[in-house]
Amino acid sequence: MANFLKILPFLFLCSHLGNAVLVPMAARTPVPGKPSPPGSPWPLPKQWSQSLTLATLGTPEEFSYSSNVPNCTVLNTAFERYNYALLTRGTIAQPAPDVPVLSYVYVQISPFPQENQCGEFPKLSKDPNYESYDLLVTEGAPDNTATAIITAQTVWGALRGLETFSQLIWRDKDWGVNRYYINYTDITDAPRYPHRGLMVDTARHYLPPKALEEILDAMSYNKFNVFHWHIVDDQSFPYVSQKFPELSAKGAFIPGHLEYTPKIVQDIIEKARVRGIRVIFEVDTPGHTYAIGKSHQG
Ligand SMILES: *[C@@H]1O[C@H](CO)[C@@H](O)[C@H](O)[C@H]1NC(C)=O
Ligand SMILES: *[C@@H]1O[C@H](CO)[C@@H](O)[C@H](O)[C@H]1NC(C)=O
């Protein structure tokens with residue numbers, strides 16, 4: 001980091017001279033410091049205590065999610081994303097003998113979700129409880145099973161808890177067996193910053209909707225919550241406006257093809273919503289909009 005800061009001014013200088021120069025940074029491996037034990041969550045929760053007692057993953061039939069909120073799209077689609085195959089990289093785990101089997105993950109929204117959040121959009125909130133959650137991995141019932149319980153005040157907090165849960169699962173060091181563990185754990189977590197954004201520029205470089213969805217996935221794995229969509233600029237105008245369709249007709253790299261139609265935009269907003277991510281659109285105007293000059297000449 002210190003070295004990176006040293007070269008930062010140099011990078012700025014280069015870009016202001018108008019000639020972008022790539023400055024290679026030295027890669028030092030192994031990375032200094034002590035590696036975290038397997039099953040360590042990222043980013044580091046506010047409070048995290050992990051015991052040496054383990055549970056193991058059973059077969060897909062032995063594992064399920066449930067919640068106290070029926071018919072909640074945000075939770076139900078999250079259960080689909082964090083499915084058994086994601087935890088085991090698409091394989092069937094061999095349970096460790098004589099170790100409790102992790103039989104279910106229970107999500108409790110408490111008190112019951114306010115403002116019908118199952119159908120709502122996430123918003124910017126400085127309330128520390130807006131995205132907080134508790135996660136407890138402990139012994140369950142019936143005997144010789146374990147369970148994970150996520151408690152949150154909002155579905156958005158529950159999403160962060162599900163992400164942490166998925167990170168707690170780790171694979172046996174002996175790769176000859178396909179065995180997965182989770183340590184008995186007690187986590188109390190809340191984000192340090194209410195706005196955790198990533199800016200993506202689709203004007204200088206068109207990204208297909210599938211790539212945007214992968215970015216949203218990567219953001220949710222890192223608990224980001226704002227997708228800042230720099231959708232248009234001088235270089236291209238891929239956003240298809242219903243009111244001013246001539247802008248993308250003249251401004252898209254390939255009009256009718258490399259574009260974001262209203263349906264695509266709506267789809268991305270929904271994919272972001274169910275991941276607890278707000279979409280902030282950036283439409284520059286009148287500057288940085290060369291397409292206006294092309295579509296409205298004279
Ligand atoms: C989980 O438990 C195992 C042993 O049971 C231990 O080696 C490991 O360090 C623990 N993981 C964490 C993250 O504490
Ligand atoms: C859940 O949705 C189903 C089908 O739409 C409906 O029949 C049922 O009443 C809903 N349950 C609750 C508790 O809202």
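First listed ligand is number 1; within each ligand, the first listed atom is number 1.
Ring geometry for Y239 versus F237: interplanar angle of 30 to 60°, hence tilted. Ring pair Y260/W229 is perpendicular by interplanar angle, where above 60° counts as perpendicular and below 30° as parallel.
Considering backbone and side-chain atoms together, N183 places an N or O closer than 3.5 Å to an N or O of ligand 1.
Counting heavy atoms of neighbouring residues, nucleotides and ligands inside a 6.0 Å radius, atom CZ of R192 does not exceed 12 of them.
Contacts between P38 and ligand 1, counted as non-hydrogen atom pairs separated by less than 4.0 Å, involve the backbone only.
The hydrophobic cluster containing V155 does not contain L216, counting ILVMFWY residues as joined when their side-chain heavy atoms lie under 4.5 angstrom apart, directly or transitively.
Each of the following atoms of ligand 1 lies closer than 4.0 Å to a heavy atom of L52: 2 (O), 4 (C), 5 (O), 6 (C).
In this structure, atom 5 (O) of ligand 1 is in close contact with the protein, since a protein heavy atom lies within 4.0 Å of it.
What sits closest to atom 13 (C) of ligand 1 on the protein, heavy atoms only, is Q50 NE2, 3.3 Å. Here the heavy atom of the protein found nearest to atom 9 (O) of ligand 1 is P37 CB, 3.6 Å.
Residues I187 and T164 form a side-chain contact, since some pair of their non-hydrogen atoms from C-beta on lies under 4.5 Å apart.
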